[in-house]
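Working notes for the structure below.
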Amino acid sequence: MAIKRYNPNFVEKKWQSIWEQSGIFQTKNDDSRRKYYVLEMFPYPSGRIHMGHVRNYSMGDVVARFKRACGFNVLHPMGWDAFGLPAENAALRNKLHPKEWTYRNISIMREQLKSLGFSLDWSREFATCDVDYYHHQQLLFLDMYEKGLIFRKKSKVNWDPVEQTVLANEQVIDGCGWRSGAQVERRELTQWFFRISDYSEDLLRGLDRLDQWPDKVRLMQRNWIGKSDGLFVRWQLADTGLSVTFREIEVYTTRPDTIFGAAFIAIAVDHPLAKELARKDKVIEDFIEECNRGGISAIILEKSEPKGVKSGLFVIHPFNESWRLPVYIANFVLMEYGSGAIFGCPAHNQYDLDFSNKYGLPVNPVVLPTGASPSDFLIRNTAYVKDGFLVNSFFLNGLTVKEACSEVRNRLENKIVEGRPQARRSIQFRLRDWSISRQRYWGCPIPIIFCKHCGVVPVPKSDLPVILPDDVTFDRPGNPLFFHEEWKGVQCPNCGDSACRETDTMDTFVDSSWYYARFVAPFENLKDVSIDHWLPIDQYIGGVEHAILHLLYARFFMRAMKKTGYTSLEEPFKGLLTQGMVMHETYRTSDGLWVSPLEISIQERNGNRCARLLSNGDIVEIRPVEKMSKSKRNVVDSSRILASYGADTIRWFMLSDSPPERDIIWSESGIEGAHRFVQRIWRLVIRAADVLRGPLSGSKTGAADDLAKLSHRTLKAVTDDIEKFAFNRVIAHLYNFVSTLSHFFHNEKLCDQEMRGVVRESLDFLIAMIAPIMPHLAEECNEILGGEQLIASSPWPVFDIALTIDDTMRMPVQINGKKCGDLVISRNADKSKIERAVLSLDFLISRLNGRIPKRIIIVPQRIINVVL
RNA sequence: GCGGACGUGGCGAAAUCGGUAUACGCAAAGCACUUAAAAUGCUUCGGUCAAUAACCUUGCGGGUUCAAGUCCCGCCGUCCGCACCA
């Protein structure tokens, strides 16, 4: 009888509708089983599900299905990170309202996800642009505002004068706006901030407890928070005849030991003193203006060389009244860090050295590496930044860097200048407060009203939500909300006079900072829900590209939600798996347009690859492999592959070769193999069902015992590896298992009742083990074999540990560390028994040739090494 | 520049605590079945070699060890994060 081919398109639809009707993936909050919350980072509804999504959600689904089988009450929801710039860009391009564009994409992508068979609780779905979602976000905002976690301040932004909008650093290309091409200005704007820096220390400490996070991510966050221990030191201004309101300059340093190597003081261009000087001095004014040109990123990216101007001021050295140092205004000093002023020590800081070399300032080494002699230790173009001993530093001479730091600190903390200590210790963080104001339409409105009498007035909670108006136009540059007079104009809730709404919306990172808490009970009032029942998330899965910002913001938000009484927890994500990116080559025409891989064909000639457009045969430039993104058009959509192979094959293939953390370059080679395997399992089960129904006769053979052992061993290995997220190894075990099972059916006549029991168990194990990855095939196979319960709601099988261990084992025998043969011996044999057995091995006797081995190393249950 | 990760067949990769290097898959080649193809099954597949013997082999050079892909030192290369953080 010819076996029909397995038809995934038909079978997958069938099981998807059975799952949906049975509601087994809808999670109840009142369930006595232990909870398990698994979440994959929710997608931005860009249009279609691509292979990166498939990889991410396949991993999450394996975990969800596995944990469900292990008896947990699993929460596995899905939503949409739906606010953001691309919707507005699409609106401009296609004359389609951002809302319409977004919801249309969501419905397409929802269907795509459903056809991939993910075990998601769709009853909890929401989009961040749903009014209900951002209503709660506005409530959260007001609660945080009450608790002092939100404030306004002036801050430097990239301003595009043509678009009349603020640009992110990534949108500034060579100092010009990415769309308008106009030169970007550095402007000061009053912006809303979250006080994340209040939690710098806490966010840093919390990392130590996140032991189920990758070390790499914890390190990245640690560096991002950037804690340093230093000293504020006040330097008194010397009398130069120049009249300024300042009497001193306070600098921040982490290297007070180098104070005798100081050559200059430098202050930031935004330093109040610099601004004061600029009012009187044209040269300084011009310099500051030059630094402000080209946006904030330009000044950072212009790493080429430090620049500065003399202020005309001098300071007095704290340890020597007669020592004067010049004060510069310099582009490389940041106002946002420390006090916006530094003392420069050229010998021991590379930037200070470059600056000194440029402006002819002295370079005096004060730290000497151990063993170096002062006469031949010269600093020219490379600063010495490592540890050593102090020289040329009076009372510090001979001390180590660490000792010298505390000596300087002690002395200056105890030296009173104008009624205050000259120095104070201070811990500084690199982490800055989180600016959330965006001059955009498609985001969550900030629930604030500006009144000319009452100032900043929060919208009363009873007046929420502040709904984003639909009737906006995109016919001119700038934020459409700003031009929407009707929406903007309100009565002040305080005094009743006419007032104005805040027209900025929130950064979309705010939306994704707490969505995981909303899934807990998406249609109830957040305040009334015990989010602590489900949180923290047991396993969070998403791309490494979110290792810093998203994860840090979410950690901050959890703390903010604790302070505002929503939770008692601080950390939202207990376990974290950062999955690698799915990459693809990019292709660009000679006109600089990006082309999709579907629009080209690639030929290989003499080892050179050449890409041509399918439409007209034009040569296309093959550009580097990059993360799949819409802008580079190298996205591979899942639906075409889904149509040809089915969901199970894609899921299996996405997880089969590489470990989850690794980046992969998308290639379809191999997907045929994955599909062959699907067909192979199908044939195996069809044949098995047939054989198991046949007449009984004959008796059990030893092969059955071997099969039982292999089944239990495989089950153990697969269970262990799923728990470690080693999906590629899970798949390798299953390939081996299926291959052995096939041989078994080929060679054995399954006529004995007991043997059939073993076979049946093996098949049940197999179906259970493939189910997390290939759930549809598992259900179909189970049905063929007469299983009555859905695999999706069946328990994970239990292996017998005794069957996973053999009584005898094969130990490799080495001579001088090289393998020469094996010794088959009982597993529990002791060293002396093993030694006797080894010495009687034929190949060893002939190699020894009468000699006596120097040593025999026996590692029980592992290896034997005979040293000659 | 600083911090981190990595380097194993033609390719994706495996090797858990220092203990049989190359599991599993892809690609390739051969055979069987077939009128033929597809599908399927079987076999081979790191290198040198006539060889199933022997030797070599985890980027390169050293070292520690009975034993090194794994640990240490020094190079070379690739990737990622931060980028004037005083």
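Letters A, B, ... are given to chains in the order of the sequence lines, protein chains preceding strands, and every chain is numbered from 1. Computed from a predicted structure; not experimentally measured.
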Need one value for A:Tyr252: base, sugar-phosphate or nothing, where a base atom within 4.0 Å counts as base even if backbone is also close, heavy atoms only. base

| message | Say we look at B:rG74 and B:rC55: how far apart would their P atoms be, to the nearest angstrom? | response | 35 Å

- With distance as the sole criterion, is a donor-acceptor pair present between the side chains of A:Asn634 and A:Thr586 under 3.5 Å? no

Answer with base, sugar-phosphate or nothing: what part of the nucleic acid does A:Gly673 contact at a heavy-atom distance below 4.0 Å? sugar-phosphate

Looking only at B:rC24, B:rA13, B:rG41, the nucleotide nearest the A:Arg683 side chain is B:rG41

Picking from B:rG12, B:rG19, B:rC85, the nucleotide nearest the side-chain atoms of A:Arg432 would be B:rC85

Worksheet item: Which value, in whole Å, describes the distance between the C1' atoms of nucleotides B:rC24 and B:rC45?
Response: 15 Å

Can you give me the N/O atom pairs linking the protein to nucleotides 80-82 of chain B at distances under 3.5 Å, or say none if there are none?
{"unit_1": "B:rC82", "atom_1": "O3'", "unit_2": "A:Arg430", "atom_2": "NH1", "d": "3.2"}

The glycosidic conformation of B:rG9, counting syn as within 90° of 0 and anti otherwise, is syn

Closest of B:rC85, B:rA14, B:rG25 to the A:Asn349 side chain is B:rC85

5'-most contact on RNA chain B (nearest-nucleotide basis), A:Phe429 vs A:Pro659, goes to A:Pro659

Handout entry: Separation between the P atoms of B:rG18 and B:rG7, rounded to whole Å
Key = 15 Å

* To do: Give A:His675 one of three labels, base, sugar-phosphate or nothing, depending on what nucleic acid heavy atoms sit under 4.0 Å from its own.
  => nothing

**Message:** Tell me if the centroids of the rings in A:His317 and A:Trp235 come within less than 6.0 Å of each other.
**Reply:** yes

Value for CD1 (A:Ile671) from CZ (A:Arg676), rounded to nearest 0.5 Å, stands at 12.0 Å

note: A:Lys386, atom NZ; B:rG1, atom P; distance rounded to Å ~ 12 Å

Among the nucleotides B:rU20, B:rC24, B:rA13, whichever has the atom closest to the side chain of A:Ile863 is B:rU20

Suppose you measure atom P in B:rU65 against the same atom in B:rA51; what distance do you get, rounded to whole Å?
39 Å

Regarding B:rC17, purine or pyrimidine glycosidic angle vs 90° from 0 gives syn

Whole-Å distance, A:Arg680 CZ to B:rU40 C1', equals 10 Å

Of A:Tyr337 and A:Arg862, the one whose closest nucleotide on RNA chain B sits nearer the 5' end is A:Arg862

Rounded to whole Å, the CD-P distance (A:Glu723 to B:rU16) equals 19 Å

task = Could you tell me whether the phosphate oxygens of B:rA13, OP1 or OP2, come under 4.0 Å of any side-chain nitrogen or oxygen in A:Ser658?
result = yes

When both distances are under 3.5 Å in a Watson-Crick or G-U wobble arrangement, the nucleotide paired with B:rC2 is B:rG81

query = Hey, does A:Asp215 reach any base, or is it just sugar-phosphate, or nothing, if we go heavy atoms under 4.0 Å?
reply = nothing

- request: Report yes if at least one side-chain N or O of A:Arg218 is closer than 4.0 Å to OP1 or OP2 of B:rG4; otherwise report no.
  value: no

Quick one: are the ring centres of A:Phe653 and A:Tyr645 less than 6.0 Å apart? no

If we ignore hydrogens and angles and just use 3.5 Å, is the side chain of A:Asp433 paired with the main-chain N or O of A:Phe193 as donor and acceptor?
no

Atom CD of A:Glu661 and atom P of B:rA14 are separated, to the nearest Å, by 10 Å

Side-chain atoms of A:Arg810 come closest, of B:rU20, B:rA14, B:rA86, to B:rU20

Rounded to whole Å, CD of A:Gln428 lies from C1' of B:rA86 at a distance of 10 Å

Side-chain atoms of A:Leu219 come closest, of B:rA86, B:rU40, B:rG3, to B:rG3

Does the side chain of A:Asn728 get closer than 4.0 angstrom to OP1 or OP2 of B:rA13 through an N or O atom?
-> no

In Watson-Crick or G-U wobble terms, with both distances under 3.5 Å, the base opposite B:rC11 is B:rG25

- Item | Modelled atom types, side-chain donor and acceptor of A:Ser832 and A:Asp830, under 3.5 Å | yes

To the nearest angstrom, the CD1-P distance between A:Ile671 and B:rA27 comes to 12 Å

note: A:Phe737, atom CZ; B:rC24, atom P; distance rounded to Å ~ 16 Å

*Are the side chain of A:His743 and the backbone N or O of A:Ser739 linked by a donor-acceptor pair below 3.5 Å?*
yes

B:rU40 -> Watson-Crick or G-U wobble partner, both distances under 3.5 Å, gives B:rA32

Closest of B:rC56, B:rC85, B:rG12 to the A:Lys818 side chain is B:rC56

*Ring centroid separation for A:Trp652 and A:Tyr735, is it under 6.0 angstrom?*
yes

Between B:rC66 and B:rC76, how far apart are the two C1' atoms, rounded to whole Å? 32 Å

Its contact letters, B for base, S for sugar-phosphate only and - for none at protein heavy atoms under 4.0 Å, make nucleotides 61-73 of chain B read -----BS------

### Message
Just checking A:Phe429 against A:Tyr337, ring centres under 6.0 Å apart?
### Response
no

Distance, C1' atom - from B:rC56 to B:rU22, rounded to whole angstrom: 15 Å

Result for side chain to side chain donor-acceptor pair (under 3.5 Å) between A:Arg255 and one of A:Asp257, A:Thr253, A:Thr258 points to A:Asp257

**OP:** Decide, yes or no, whether a salt bridge links A:Arg430 with A:Glu336 under the criterion of side-chain N to carboxylate O below 4.0 Å.
**Re:** no

Re B:rC71: Watson-Crick or G-U wobble partner, both distances kept under 3.5 Å, found to be B:rG63

Should A:His733 be listed as having a side-chain N or O under 4.0 Å from OP1 or OP2 of B:rA14? no

For B:rG63 versus B:rA13, give the span between their C1' atoms, rounded off to a whole number of Å. 30 Å

Correct closest heavy-atom pair for A:Ile249 and A:Ala341 would be CG2-CB, 3.8 Å

| Say you pick atom P in B:rG19 and the same atom in B:rC80; how far apart are they, in whole Å? | 32 Å

- Message: If you compare every side-chain N and O of A:Ser228 against the phosphate oxygens of B:rA86 (OP1, OP2), does one of them come in below 4.0 Å?
- Response: yes

Checklist line | Check: A:Arg662/A:Gln579 side-chain N/O donor and acceptor closer than 3.5 Å | finding: no

Testing B:rA23, B:rA13, B:rC26 for proximity to the side chain of A:Ser669, the answer is B:rC26

Which of B:rC17, B:rA27, B:rA39 is nearest the side chain of A:Arg676? It is B:rA27

Here the distance between atom P of B:rG18 and atom CD1 of A:Ile864, to the nearest Å, is 21 Å

Query - Donor-acceptor pair between A:Thr714 and A:His733 side chains, under 3.5 angstrom - result: no

